[in-house]
Number of protein chains: 2
Amino acid sequence: MKFAILFGGASYEHEISIVSAIALKSLLKTQPTFIFLNAEGEFYHIPADRMKSDHFGNGEYQKDEKLSLAKGGFEKRGLLKSRRLEGFDTVINLVHGAEGEDGTIAALLDFYGIAYIGPGKEASVLSFNKWFTKLYAAGLGIETVAYQLLGIDQKRELEFDFPVIVKPLRLGSSIGVSVVKKREDLDYALDVAFEFDDTVLIEPFIEGIEEYNVAGCRTESGWRIGTVEAPAKSEYLDFDQKYLDFSRTESVRAAEIPDELEKELIEAFKSVYGALFEGALIRCDFFVKEGKILLNEINPIPGSMANYLFDDFESVLEDLAASLPKKRTITPDYAYINRVRSAKGPKTGSGR
Amino acid sequence: MKFAILFGGASYEHEISIVSAIALKSLLKTQPTFIFLNAEGEFYHIPADRMKSDHFGNGEYQKDEKLSLAKGGFEKRGLLKSRRLEGFDTVINLVHGAEGEDGTIAALLDFYGIAYIGPGKEASVLSFNKWFTKLYAAGLGIETVAYQLLGIDQKRELEFDFPVIVKPLRLGSSIGVSVVKKREDLDYALDVAFEFDDTVLIEPFIEGIEEYNVAGCRTESGWRIGTVEAPAKSEYLDFDQKYLDFSRTESVRAAEIPDELEKELIEAFKSVYGALFEGALIRCDFFVKEGKILLNEINPIPGSMANYLFDDFESVLEDLAASLPKKRTITPDYAYINRVRSAKGPKTGSGR
């Protein structure tokens, strides 16, 4: 299996995605193809030896070859004819945040018939929008933290006591997220969150809660579940802390938890993964409160693909790439049009 | 406002979409541009005088000019240079069923920066998947009919007494839908539904229930709500009956219902529309059972845009086109990459 890594995108996590792609470069034994999507929606083929953050920060990448989407892949358009970009059979969608995680990239790759590892359109929409994640969890019978939605034009009234946590409805990661301890700080936190979305989600902030991350995927050879991790604790990981994370490649120590809890966390993960996330390697962040598991968020494209949670990361990707969901082919036979035409034919009315 | 009508698509409703586009042709005073998407994912510019069903049924359309998606619109690729397809400023997404209603077309048009009337990615996913519609309704506090999901590999056990109605999870319209009155007929109905989706949704079939359709949209000048219609009754509209509907252009008589109920139906419609369906003209199908309103389904691209429910259909489209959701522009400044690089610089660790 030869991979192409698609990264960048028009999102607040554009740079994060670059860092994530650079981290993956050093991890894969078989050198992947790198396809960069800039914020203007242009694709570029980046030679592996130019995969350094400077190359993007200073705009040098614009000297690399430009690509266009075409049926079955990407092409380099020449003056007289176009050449296909060769060298890979499966794209890894590593565009974090909007575009990558909101269903845009999934739809583009579906439409152009390009095989990819990553969340599909439904999976993207349900994990990117934090409200929909809660509705999905409810549908599965998995608990989440209580919440309220607040629109940018609504009165700023809270249903919870302080402290609360304020999150833009649709951003991945911790961007625009604040823990608010007292009334006086609420407006500022809301203003920040509304910079990123017209709706925010407000939850009671539960102090000292246990948090566990479970990453994995289902493949034709079964489940591939990574080490269950208890992420580093601080009151709340801020953007910088959380995102230095995206360059992580060293493996982690397993969370020290009872076997029973670990089993329950993995069961909850499998339930969330369901049929919805087929073809993706995802990470679920769970809370454990008084022995009960709550789904906090689903990250459908975790930073550097949560490689550090797997002993044999490359084989997980290989396995997953061989297990991508099949698409039904639909070929219209125009039988219906013919029927409608004959039904309408000698003015017998249209059925009503 | 000049419109382009995008129709066709790789879906079981491909032909329906052609019929729907032909119906719209006769309705708009300003002749729109017609863009056909064939089942292979190729776009064609169809001259208005060739907008007849034969043109597609016999493959004649392939002699029309081929189009490619490009930043801001469609282009006709020439040997030496490409020409932009001119003549419209807003696309009407009239691709019924998969691709049009599953978020693919929305994502393509978003990605290429083309203004469109139609459901966005989130709206598409939540209305196309009947389970997600129920979860969304639950989130809004609107009731739906009880249901169970059944996967293709699951044991065929029912939670309800007969009669039940069996529906493929993701198809629009009545395709693959059956009313099953007795145990002996269940397997056949499930086999049919599983032809179209790996998951089916099963509901108790409620006899003699009242059904009402409400169509409309929110624009900057306020709500535009069509005539509340009680659709023609038959035990269950089959594919042919329901789809002759797509060529409807004659206006309907309003449902004869008490003012209070009509008001409640419109309120329920507005709640469903919310912020989710901004930019789309949708139709909600409601049931009324013992005075209580239940959401049956959301049709985010109704046949021929439910034109027959509006007195001044073209002005609704004009108004909606002037009220499309704004997109936030994101311009990465690479500040983060620079920060990561300095943080990683003289080996001070990665924050963990």
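In what follows, every heavy atom counts, from backbone to side chain, and hydrogens, waters and symmetry copies are set aside.
For chain A, no part of B/Leu109 is nearby; none of its heavy atoms comes within less than 4.5 Å. In this structure, the portion of B/Glu99 lying under 4.5 Å from any heavy atom of chain A is its side chain and not its backbone. For a residue to count as touching a neighbouring chain, one of its non-hydrogen atoms must lie under 4.5 Å from one of that chain's; by this rule A/Ile22 does not touch chain B. Using a 4.5 Å cut-off between heavy atoms, B/Leu37 contacts chain A through its side chain alone, with no backbone atom that close. With a 4.5 angstrom heavy-atom cutoff, B/Phe196 touches chain A only via backbone atoms.
Aromatic ring pairs are classed by plane angle as parallel below 30°, tilted from 30° to 60° and perpendicular above 60°; the pair A/Phe56 and A/Tyr61 is parallel. Classified by interplanar angle (parallel below 30°, tilted 30° to 60°, perpendicular above 60°), the ring pair A/Phe36/A/Phe7 is tilted.
Surrounding NZ of A/Lys81 are at most 12 heavy atoms belonging to other residues, nucleotides or ligands under 6.0 Å away. Other residues, nucleotides and ligands contribute only 12 or fewer heavy atoms inside 6.0 Å of the NZ atom of B/Lys66. In this structure, A/Gln154 places its CD atom where more than 12 heavy-atom neighbours from other residues, nucleotides or ligands lie under 6.0 Å away.
For the residue pair B/Tyr147 and B/Leu135, the shortest heavy atom distance occurs at OH-CD2, 4.2 Å. The minimum heavy-atom distance linking B/Ile114 with B/Ala70 is given by the pair CD1-O, 4.5 Å.
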CA sep, side-chain torsions, deciding dist, call: B/Ile18, B/His14, side chain to side chain contact (heavy atoms under 4.5 Å, CB included): CA-CA 7 Å; B/Ile18 294 171; B/His14 176 90; 3.8 Å; yes
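Scanning residues 120-127 of chain A against chain B with a 4.5 Å heavy-atom cutoff picks out A/Lys121, A/Glu122, A/Val125, A/Leu126, ordered by number.
In this structure, the side chains of B/Leu108 and A/Tyr112 come closer than 4.5 Å at one or more pairs of heavy atoms.
Counting heavy-atom pairs closer than 4.5 Å to chain A, the top residue among B/Thr199, B/Asn129, B/Asp110, B/Asn38 is B/Asn129. Among B/Asn58, B/Asp198, B/Ile105, the residue making the largest number of heavy-atom pairs under 4.5 Å with chain A is B/Asp198.
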